[in-house]
Amino acid sequence: MIEVREHERPSTVSEAVAVQQRLRPLVRFDGQPAEVRTAAGLDVAYDESSDELVAAVAVLDVPALSVVDSTVVRGRAEFPYVPGLFAFREAPPLLAALQQLSVVPDVLVCDGQGLAHPRRFGLACHLGVLTDLPAIGVGKTPMGRFDPPGEPRGAWTSIEMDGEEVGRALRTQEHVKPVFVSVGHRYALDAACDLVLGLAPKYRLPETTRAADQLGRRAG
DNA sequence: GCGACAG
DNA sequence: ATCTTGTCGC
C-alpha cells in the first residue's frame, strides 16, 4: 500500500507557506519509472454546502486506459481555497483516497500544477513528496507566461515564470485549448508530456482525470 | 498603487 | 469548483 510521509496541517496562510518552503527541497528529479503500466488520476468534487468535498482516484492501465482500481473519500474542507495554497485544501482527502488503493500506481496525474507555481510547489509536487511517488500536474488553466502552441495535436510551448521553464502548454487535441503540464516529483517534463499525450488520445483532458472526475461527481 | 491569482 | 441541454461547426 501507499505510505504517506508525516506532515503538518497548517491552519493559517503564513503557516502553509512555511510548510511549502520546508517541503520544496524534497522534490526529486530522478527516479522516474522505466515504464508506466498504471497511472492514477486524482480529482476533487465539491458539494452544495461548499465545505463538503469528494476526493476520487482512478487507476488506469496504460496504454489500455481501462480502470483497474478506484477509491472515493468524502470529507470536509479543512482549508479555504487560496491561490498558491491549493494543496492544503485538496491534498488531505486525496491522500486518504490514495491510501485506500489496492494497487500502487506508477505515476500520479494530478488536477492542477506542479512546478508551475509561485513557489515551485504546486499540488503535484506536494502529493509527490508526501507519497514519494512519481507525479505530474495537468492543469486546465495556465499559471505563468506562454505563447500559444501550434494547432496540431502534440504541439507545445514553454511556460515560464521568473525567466525559467516551469512547464508546458501542450495541445492534446487539434484546435482545442491546450492543457498545462508541469513536473511534480520524480518525472521529467519531456516524459510528462509524452505520458499526457498517451493518456489523452481522444479528448482534451487525460483519461485519468476524466475517470476520477466522473467518479467524484457520481458520489456527490 | 493596480492587477492577477491552479480548483 | 459550480450554475447547465441542446446545438452549431470541423
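Here is how names work: the chains are called A, B, and so on, in the same order as the sequence lines, proteins then strands, and each is numbered from 1. These numbers come from a predicted model, not from an experiment.
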Please give, in whole Å, the distance from [N] [atom2] to [X] [atom1]?
X      : N      : atom1 : atom2 : value
A/L115 : B/dA6  : CG    : P     : 17 Å
A/K140 : C/dT2  : NZ    : C1'   : 12 Å
A/F79  : B/dG7  : CZ    : P     : 18 Å
A/E151 : C/dC10 : CD    : C1'   : 12 Å
A/R145 : B/dC5  : CZ    : P     : 12 Å
A/E174 : C/dC10 : CD    : P     : 13 Å
A/Q214 : C/dA1  : CD    : P     : 15 Å
A/Q113 : C/dA1  : CD    : P     : 13 Å

Is it true that A/F180 and A/L42 fall in one hydrophobic cluster, defined by side-chain heavy atoms closer than 4.5 Å?
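In one cluster: no.
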- Task: Check every atom of B/dG7, C/dT2, B/dC5 against the side chain of A/R217 and return the nucleotide holding the closest atom.
- Result: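 The nucleotide sitting nearest to the side chain is C/dT2.
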Q.
Nearest to the side chain of A/P83, heavy atoms from C-beta on, is which of B/dG7, C/dT2, B/dC5?
A.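 Output: B/dC5.
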According to a cutoff of under 5.5 Å between the ring centres and under 30° between the ring planes, does A/Y81 stack with the base of B/dG7?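 Yes, A/Y81 stacks on the base of B/dG7.
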Using a cut-off of 4.0 Å on non-hydrogen atoms, how would the nucleic acid contact of [X] be classed: base, sugar-phosphate, or nothing?
X      : value
A/L85  : base
A/G139 : sugar-phosphate
A/L123 : base
A/H117 : base
A/G137 : nothing

Closest-nucleotide mapping onto DNA chain C: is A/E90 or A/H175 further toward the 5' terminus? I mean the 5' end.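 On the 5' side of the pair lies A/E90.
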Gap separating the CD1 atom of A/I136 from the CG atom of A/L127, nearest 0.5 angstrom:
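The CG atom of A/L127 is 12.5 Å from CD1 of A/I136, to the nearest 0.5 Å.
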Residue pair [X] / [Y], side-chain donor-acceptor N/O under 3.5 Å:
X      : Y      : result
A/R217 : A/Q214 : no
A/R28  : A/Y187 : no
A/R204 : A/Q173 : no

Next on the checklist: So, does A/T141 get its side chain near the phosphate of B/dG7, meaning an N or O under 4.0 Å from OP1 or OP2?
Outcome noted: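 Indeed, a polar side-chain atom of A/T141 lies that close.
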